[in-house]
Amino acid sequence: MITCSYHRVVTKLSIAAAAVDWYSIGARDLPWRRPGVSPWGVLVSEIMLQQTQVSRVEPVWTAWCSRWPTPASLAAEPVGEAIRAWGRLGYPRRAVRLHSCATASVQRHGGRVPESLTELLALPGVGTYTARAVAVFAFRQRHPVVDTNVRRVVARAVTGSPAAGPATTGADLAGVEQLLPADPESAAATSIALMELGALLCTARAPRCPECPLSGSCAWRLAGSPAPTPAAATPDAPAANARGQRRSQRYLGTDRQVRGLLLAVLREATDPVPTARLDLVWPDAEQRARTLASLVADGLAHQVGTGHYALPA
DNA sequence: CAAACGTGGGT
DNA sequence: TACCCAAGTTT
């Protein structure tokens, strides 16, 4: 009873402390973590890092923050410039939303990134994770910050399961809250450490348990590191069908691919592109028309005159 | 709530 | 080589 819950608290605080200790020697030196980075720099990094590897974000973030060191500097340029600077990071609507974040910061928040969770959540492209990441990493507030890495670390170290279950924001936040020290600064350090641990050691595919500071108390290890249940279908990667046939390709031939092909042409052009040139990137005229229209609807492309397209002004 | 949304890293 | 998965958000 008392002893039991006491040990439970000690264990959880130990997880936080061990992760933070490890972080001081194991963490990467990432540019957006360096002293002096503005809240805007943090916001830019968090948006870029959504579903995107660190190694791909680094050069784009550096160039972006050098060119647009403040929300006002980006808001002063056409959104098309943001889309161009986004390069091949993927999910280019994030560039449009980041430009909108800049505009909103200028119009509603005096040119600064807002500090409250509520105001952050009101920014386009800023959801539960990103709002908390900015509030904690840029403004040092005390909130749980739960991304896919943290969910996996907690699933293994605390719950003992091989992988994180489907995202359940409420329960995930409550679970991590239990691990955080009371002091905001320590809580922030814990969140970054858990994320880094998940990214470098407690990885999804081949975890480096021998190097992990939590391995001694990890519930998953203690249970014998059971393998995850086989064919778990993920949203974007459906498992084999009922007849056991090979799974369908996720990307080739999809609207996603065609959008990417089309947008790449617009991004690299300095002048409006004639539709005849866009016709070259994909043979199916109907799919081309559909995806081009979707790019325009998403604010990623703009029709110029009758037969030309360009990045939006 | 499931599906859509890019592009490439790592094994 | 496949194929999973990556600091998620929106509709």
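In what follows, chains are A, B, ... by sequence order, proteins preceding strands, each numbered from 1.
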Taking atom types as modelled, find out whether A/Trp68 and A/Glu81 have a side-chain donor-acceptor pair closer than 3.5 angstrom.
->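 The criterion, which ignores hydrogens and geometry beyond distance, is not satisfied for A/Glu81 and A/Trp68.
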
Between A/Arg94 and A/Thr52, is any side-chain donor less than 3.5 angstrom from a side-chain acceptor?
->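 A donor-acceptor contact under 3.5 Å links the two side chains.
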
Considering only the [atom1] atoms, how many Å lie between [N] and [M], rounded to the nearest integer?
N: C/dT1; M: B/dG8; atom1: C1'; result: 15 Å
N: C/dT9; M: B/dG9; atom1: C1'; result: 22 Å
N: B/dA4; M: C/dA7; atom1: P; result: 23 Å
N: B/dC1; M: C/dG8; atom1: C1'; result: 16 Å

Taking the side chain as every heavy atom from C-beta outward, state whether A/Trp32 and A/Val57 have any pair of such atoms under 4.5 Å apart.
->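 Touching, per the 4.5 Å side-chain cut-off.
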
Residue pair A/Val145 / A/Tyr129, side-chain heavy-atom distance below 4.5 Å =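 Yes; the side chains approach each other to less than 4.5 Å.
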
Tell me which of A/Gly87 and A/Arg208 sits closer to the 5' end of DNA chain B, going by the nucleotide each one is nearest to.
->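 Its nearest nucleotide lies further toward 5', so the answer is A/Gly87.
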
Between [X] ([atom1]) and [N] ([atom2]), how many Å, whole number?
X: A/Met48; N: B/dG6; atom1: CE; atom2: P; result: 16 Å
X: A/Glu58; N: B/dG9; atom1: CD; atom2: C1'; result: 14 Å
X: A/Asp255; N: B/dC5; atom1: CG; atom2: C1'; result: 11 Å
X: A/Tyr251; N: C/dA2; atom1: OH; atom2: P; result: 17 Å
X: A/Leu261; N: B/dG6; atom1: CG; atom2: P; result: 12 Å
X: A/Leu266; N: B/dG6; atom1: CG; atom2: C1'; result: 15 Å
X: A/Leu89; N: B/dC5; atom1: CG; atom2: C1'; result: 14 Å
X: A/Leu200; N: B/dG9; atom1: CG; atom2: P; result: 17 Å

Nearest 0.5 Å please: distance from the CG atom of A/Asp298 over to the OG1 atom of A/Thr291.
->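 Between A/Asp298 CG and A/Thr291 OG1, I get 11.0 Å after rounding to 0.5 Å.
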
If you round to the nearest 0.5 Å, how far is CG of A/Leu261 from CG of A/Leu278?
->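 Taking CG in A/Leu278 and CG in A/Leu261, the distance rounds to 10.5 Å.
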
Not counting sequence neighbours, which residues clear side-chain hydrogen bond (donor to acceptor under 3.5 Å, both in side chains) with A/Thr70? List them please.
->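 Testing A/Thr70 for side-chain hydrogen bond (donor to acceptor under 3.5 Å, both in side chains), a comparison that skips the adjacent residues, returns A/Ser73.
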
For nucleotides 6-11 of chain C, read 5' to 3', which letter fits each nucleotide if B means a protein heavy atom sits under 4.0 Å from the base, S means only the sugar-phosphate is that close, and - means neither?
-> BBBSS-

